Participant: 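My questions all concern the structure below.
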Amino acid sequence: MTVVCNATPLINFAAINRLDILETAFCQIVIPQAVYHETTVAGFPGSQFVLQAIASKWLQVRSVSAITPNIPVQLDDGEREAIALALLTGEQRILLDEREARQVAQSLGLQVIGTLGILLLAKNREIITQVQPLLDAMIDTA
């Protein structure tokens with residue numbers, strides 16, 4: 001299963017050193033260049049985990065050649081590129097947390113899963129045993 005991911009879910013899971021949950025739940029995750037920049041800048045505490053995931057090849061970075069006009073410029077670059085990448089590659093699922101970006105993605109026919117949804121999916125698939133401790137850790141750390 002391949003999904004496109006925006007920065008916030010990556011940041012949340014990297015902050016608690018649990019990117020393994022994303023890898024196990026989705027096998028292959030693709031991020032646009034803007035999300036790569038957003039998650040690997042100096043000072044971001046979980047950036048080394050994102051770089052390790054890229055080195056392991058289950059997290060891949062792709063360039064977005066064009067962003068269609070139906071993706072509003074009010075969204076940040078990572079959100080716009082993630083939605084555009086999902087549309088360009090034909091991936092139906094996208095990992096997004098921000099409300100406005102989620103609404104845009106859904107209006108364009110994409111299935112949106114947020115951080116909480118990922119945790120619930122992981123629990124249902126028995127990847128994790130509890131949601132609350134991880135959610136609390138994300139709130140405290142990320």
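Since the structure is predicted, the reported quantities are computational estimates derived from the model, not experimental observations.
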Participant: Between Val35 and Glu81, is any pair of side-chain heavy atoms under 4.5 Å apart?
Facilitator: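 SC-SC contact between Val35 and Glu81 ruled out.
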
Participant: Ignoring hydrogens, what is the shortest heavy-atom contact between Ile31 and Cys5? Give both atom names and the distance.
Facilitator: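 Shortest heavy-atom contact: CG2-O, 3.5 Å.
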
Participant: Quick check for you: to the nearest 0.5 Å, what is the distance between Thr2 atom OG1 and Gln60 atom CD?
Facilitator: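 Atom-to-atom, Thr2:OG1 and Gln60:CD are 8.0 Å apart.
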
Participant: Quick one: does Arg125's side chain have a donor or acceptor within less than 3.5 Å of a partner on Ala25's backbone?
Facilitator: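 Yes: the side chain of Arg125 pairs with the backbone of Ala25.
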
Participant: If you group Ile, Leu, Val, Met, Phe, Trp and Tyr by side-chain heavy-atom gaps below 4.5 Å, do Leu10 and Leu75 land in one group?
Facilitator: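 Each belongs to a different hydrophobic cluster.
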
Participant: Drop me the distance from Glu100's CD to Gln103's CD, to the nearest 0.5 angstrom.
Facilitator: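 Answer for the CD-CD pair, Glu100 versus Gln103, is 7.0 Å.
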
Participant: Examine distances only and state if a side-chain atom of Glu38 and a backbone atom of Ala7 form a donor-acceptor pair shorter than 3.5 Å.
Facilitator: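 Side chain of Glu38 to backbone of Ala7, a donor-acceptor pair under 3.5 Å: no, none is there.
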
Participant: Flag yes if Leu85 and Ile11 sit in one hydrophobic cluster, no otherwise; membership is Ile, Leu, Val, Met, Phe, Trp, Tyr, and two members link when side-chain heavy atoms are under 4.5 Å apart.
Facilitator: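 Different hydrophobic clusters.
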
Participant: Identify the two heavy atoms, one from Val50 and one from Ala14, that lie closest to each other, and give their separation to 0.1 Å.
Facilitator: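 So the two residues come closest at CG2-CB, 4.1 Å.
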
Participant: Would you check if Leu96 and Thr8 make a side-chain contact, meaning some heavy-atom pair closer than 4.5 Å?
Facilitator: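 No, their side chains stay 4.5 Å or more apart.
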
Participant: Which pair of non-hydrogen atoms, one from Leu110 and one from Ala86, has the smallest distance, and what is that distance?
Facilitator: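 Shortest heavy-atom separation between Leu110 and Ala86 comes out as CD1-CB, 3.8 Å.
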
Participant: Start with the C-alpha gap between Val30 and Thr89, add the side-chain angles, then the distance that decides, and say whether side chain to side chain contact (heavy atoms under 4.5 Å, CB included) holds.
Facilitator: CA-CA 10 Å; Val30 181; Thr89 60; 5.8 Å; no

Participant: Measure across Ile83 and Ala101 and return the closest heavy-atom pair with its distance rounded to 0.1 Å.
Facilitator: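 Closest approach of Ile83 to Ala101, heavy atoms only: CD1-O, 3.7 Å.
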
Participant: Using every non-hydrogen atom in the two residues, find where Thr115 and Pro9 come nearest and quote the distance to one decimal.
Facilitator: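 That would be OG1-CA, 3.6 Å.
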
Participant: Could you grab the distance from atom OG1 of Thr24 to atom CG of Leu19, nearest 0.5 Å is fine?
Facilitator: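 Between atom OG1 of Thr24 and atom CG of Leu19 there are 10.5 Å.
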
Participant: Would you indicate whether the side-chain heavy atoms of Asn6 and Glu98 approach each other to under 4.5 Å?
Facilitator: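 Yes, close enough: below the 4.5 Å cut-off.
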
Participant: After noting the C-alpha distance and the side-chain angles of Leu135 and Leu119, does the key distance pass the side chain to side chain contact (heavy atoms under 4.5 Å, CB included) rule?
Facilitator: CA-CA 8 Å; Leu135 193 56; Leu119 288 169; 4.0 Å; yes

Participant: In terms of hydrophobic clustering (I, L, V, M, F, W, Y; side-chain heavy atoms under 4.5 Å; direct or indirect links), are Ile94 and Ile113 co-clustered?
Facilitator: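 No.
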
Participant: Shared ILVMFWY cluster between Ile16 and Leu59, side chains joined below 4.5 angstrom?
Facilitator: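 Yes.
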
Participant: Does Asn12 use its side chain to pair, donor to acceptor, with the backbone of Met138 at less than 3.5 Å?
Facilitator: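 Absent.
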
Participant: Check the pair Leu116, Val131 against side chain to side chain contact (heavy atoms under 4.5 Å, CB included), reporting the backbone distance first and the verdict last.
Facilitator: CA-CA 8 Å; Leu116 182 57; Val131 169; 4.1 Å; yes

Participant: For Tyr36, I'd like to know if atom OH has over 12 heavy atoms of other residues, nucleotides or ligands within 6.0 Å.
Facilitator: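 Atom OH in Tyr36 is not crowded, with 12 or fewer foreign heavy atoms closer than 6.0 Å.
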
Participant: Is any side-chain heavy atom of Leu108 less than 4.5 Å from a side-chain heavy atom of Leu87?
Facilitator: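 Counting from C-beta outward, Leu108 and Leu87 do come under 4.5 Å.
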
Participant: Let me confirm one number: the CG-CD1 distance from Leu134 to Ile118, rounded to the nearest 0.5 Å.
Facilitator: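 If we round to the nearest 0.5 Å, Leu134:CG and Ile118:CD1 are 12.0 Å apart.
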
Participant: Kindly compute the distance separating CZ (Arg80) from CD (Gln74), expressed to the nearest 0.5 Å.
Facilitator: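 Between atom CZ of Arg80 and atom CD of Gln74 there are 8.5 Å.
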
Participant: So do Leu22 and Leu95 actually touch side chain to side chain, heavy atoms under 4.5 Å?
Facilitator: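 In contact.
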
Participant: Testing the basics here: between Trp58 and Gln28, what is the closest heavy-atom pair and its distance to 0.1 Å?
Facilitator: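 Looking at all heavy atoms of both residues, the shortest contact is O-NE2, 3.1 Å.
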
Participant: Report yes if the side chains of Arg62 and Leu88 come closer than 4.5 Å at any heavy-atom pair, otherwise no.
Facilitator: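 When only atoms from C-beta onward are counted, Leu88 and Arg62 do not touch, as no gap falls below 4.5 Å.
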
Participant: Gln33 versus Val64: any side-chain heavy-atom pair under 4.5 Å?
Facilitator: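 Not in contact.
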
Participant: Does Val61 share a hydrophobic cluster with Ile67, counting links as ILVMFWY side-chain heavy atoms below 4.5 Å and allowing steps through other members?
Facilitator: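 Per the 4.5 Å side-chain linkage, Val61 and Ile67 are not co-clustered.
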
